[in-house]
Amino acid sequence: MNPTSSSAVRVKVELGPRSYPVLLGDGLLEGLGPLLREQGMTQTNAFVLTNAQVGALYFERLEAVLRGAGFTRVVRHELPNTEEAKNWEEFTKVCSAMLEAFPDAGAVPLVFLLGGGVVGDLGGFAAGVFRRGVPFVQIPTTLLAAVDSSVGGKVAVNFGGVKNIMGIFNQPRLVVCDLGLLRTLSDRELRSGISEVIKYGAVCSRALFEQLEGDGARNLDRLLAREPAALIDIAAQCVRLKAAVVAQDEFDKKGIRNVLNFGHTVGHALELSADYALTHGEAIAVGMMAATRLAAALGMVPRDFAPRLQSLLERAGLPLSHRDAPGLFERIERTMQLDKKFREGRNVFVLPTGIGQWQQREDVPWDTVHAAVRSVLV
Ligand code: NAD
Ligand code: GLY
């Protein structure tokens with residue numbers, strides 16, 4: 001498909017001089033060359049960061065597209081395939097590979113991040129610090145990266161047992177979501193991305209939540225079946241929601257961007273404490289249930305919210321709880337204390353107040369927090 005054809009969706013992330021388009025459609029990769037030139041990117045050197053799995057599937061296609069667009073050097077570097085690769089050591093290996101391949105300041109590469117959130121987060125960080133910043137393009141290959149991590153410029157690695165603690169804000173120049181690349185994604189990873197889709201509906205958009213719940217042509221079942229029209233429509237809604245939030249609070253200073261962290265306080269702590277037994281989206285699903293129980297205990301959310309959220313998560317094949325294990329609660333509690341929203345021992349939670357609505361609550365009594373966490377460990 002031609003990226004300018006009517007079935008491709010274009011969403012602009014409005015950030016003044018750092019604005020950029022997000023293109024969503026099926027078959028966009030082949031049209032990448034003209035898109036780059038249209039965005040004023042005239043480089044002829046490319047550094048492609050991917051991982052072993054995605055590289056084996058898609059690097060050669062991307063390389064052919066880049067060569068066809070006039071790139072004379074295309075250097076490939078691969079991360080290991082899992083979240084555990086999102087670490088300082090791999091980050092420095094990427095920096096070394098960039099320097100080794102492009103030692104001349106006159107031959108700065110355009111960086112392409114071909115992969116899921118791990119490649120996008122680590123690579124966006126490396127692109128932001130190499131020579132104090134080189135431009136980069138996100139080519140998300142997971143649903144999670146398409147709807148969330150490739151947009152908004154939060155790029156980081158995990159460090160010292162804390163998620164995303166070393167990082168910067170660094171916006172891409174362009175995001176190209178070729179949703180055709182999602183055909184090779186495992187069902188588990190597709191469901192993991194759906195967790196973030198449900199998050200957007202639950203706290204940002206009643207219309208999206210009800211669309212997913214309903215029996216229309218672009219509902220949750222159609223998304224699970226990877227029907228192109230449902231994928232593009234739903235992913236584009238999520239990107240529009242994220243773009244609107246990011247445009248208001250790019251640097252996460254006004255409390256507005258916190259909405260995107262619904263389910264992430266407990267979710268991130270669980271993801272790390274359970275030694276990556278859960279995918280990011282699975283941990284967030286459990287975290288959303290914990291946050292919902294917390295909101296219910298505080299009398300903040302109507303009674304029908306929890307069963308409706310639970311029902312969507314269950315239909316998506318996502319977990320509502322995680323198997324308890326000795327010391328797990330204590331590890332989650334310790335990790336949660338390092339949450340970047342917490343200040344001087346005061347906790348901060350993003351809590352639902354109705355479908356598509358949220359509020360931030362500070363200083364929630366710890367025994368109430370602990371009860372909500374324990375309720376998702378079974
Ligand atoms: P991931 O990058 O680990 O990818 C998941 C798995 O899918 C990997 O094993 C990968 O090899 C495989 N894969 C990727 N694309 C594929 C394809 N097209 N076909 C077959 N297999 C494919 O995980 P993710 O869920 O994409 O991202 C999770 C990460 O994103 C976490 O580190 C999370 O913290 C981060 N994140 C960041 C933001 C942000 O705003 N920066 C937002 C949400 C999540
Ligand atoms: N995924 C959280 C954010 O972008 O702010």
Side-chain angles (χ1 to χ4, degrees), residues 13 29 49-59 61-62 78-87 90 113-125 128 138-158 162-165 167-172 175 177-197 199-200 203-204 226 238-239 241-243 245-265 267-268 271-272 276 278-284 287 340-341 350:
V13 185
L29 192 63
L49 181 67
T50 185
N51 73 15
Q53 187 177 16
V54 179
L57 287 165
Y58 298 117
F59 174 79
R61 255 175 81 187
L62 175 59
E78 287 180 351
L79 297 177
N81 287 336
T82 64
E83 173 76 23
E84 282 151 281
K86 197 173 143 180
N87 64 38
E90 292 298 331
L113 306 178
L114 175 71
V118 168
V119 166
D121 281 14
L122 186 151
F125 183 23
Q138 291 271 19
I139 307 177
T141 63
T142 63
L143 180 63
L144 187 140
V147 299
D148 197 348
S149 62
S150 66
V151 176
K154 275 192 181 177
V155 291
V157 295
N158 307 329
V162 189
K163 282 275 298 176
N164 302 329
I165 196 73
I168 54 175
F169 290 93
N170 186 26
Q171 301 294 344
V175 182
C177 291
D178 181 343
L179 295 163
L181 305 185
L182 270 50
R183 291 202 180 92
T184 49
L185 201 59
S186 68
D187 287 341
R188 186 179 182 195
E189 291 300 342
L190 181 78
R191 291 195 295 267
S192 182
I194 292 177
S195 183
E196 298 279 11
V197 171
K199 172 196 79 176
Y200 285 110
V203 286
C204 298
R226 306 177 202 221
C238 295
V239 170
L241 290 165
K242 180 151 189 184
V245 169
V246 171
Q248 294 173 74
D249 188 12
E250 181 182 2
F251 299 109
D252 217 355
K253 292 276 188 257
K254 302 178 185 165
I256 299 168
R257 196 165 172 162
N258 273 350
V259 62
L260 302 172
N261 288 322
F262 172 49
H264 285 57
T265 306
H268 272 168
E271 188 182 351
L272 285 170
Y276 302 110
L278 295 108
T279 65
H280 181 74
E282 289 166 351
I284 297 315
K340 51 192 182 304
K341 293 187 298 309
V350 172

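Counting convention: from 1, in listed order, for ligands and their atoms alike. Numbering of residues begins at 1 and proceeds along the displayed sequence.
A salt bridge between Glu282 and Arg191 is absent, with no side-chain N of the basic residue lying under 4.0 Å from a carboxylate O of the acidic one. Checked for salt-bridge contact, Lys154 and Asp252 meet the test: a charged N lies under 4.0 Å from a carboxylate O. Ion pair Glu196/Lys242 not flagged as a salt bridge, since none of the NZ, NE, NH1 or NH2 atoms sits closer than 4.0 Å to an Asp/Glu carboxylate oxygen.
Atom-to-atom distance recorded for Leu113:CG and Leu49:CG is 6.0 Å, nearest 0.5 angstrom. Rounding to the nearest 0.5 Å places CZ of Arg226 at 4.5 Å from CG of Leu190.
Using bins of under 30°, 30° to 60° and over 60° for the plane-to-plane angle, the ring pair Phe169/Phe251 lands in the perpendicular bin.
Of the possible polar contacts, none joining the Lys341 side chain to the Asn258 backbone as a donor-acceptor pair under 3.5 Å is found.
Sorted by chain and number, the residues within 4.0 Å of ligand 2 by heavy atom are Asp148, Lys154, Lys242, Arg257, Leu260. Sorted by chain then number, the residues whose non-hydrogen atoms approach ligand 1 to under 4.0 Å are Asn51, Gln53, Val54, Leu57, Tyr58, Asn81, Glu83, Lys86, Gly116, Gly117, Val118, Asp121, Thr141, Thr142, Leu144, Asp148, Ser149, Lys154, Lys163, Asn164, Leu181, Thr184, Leu185, Glu189, Glu196, Lys242, His280.
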Legend entry - side-chain hydrogen bond (donor to acceptor under 3.5 Å, both in side chains) between Asn158 and Glu83, intermediate numbers included: CA-CA 9 Å; Asn158 307 329; Glu83 173 76 23; 2.8 Å; yes
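Applying the side-chain contact (heavy atoms from CB on, under 4.5 Å) test between Ile139 and each of Leu62, Val175, Thr50 identifies Leu62 as the sole match.
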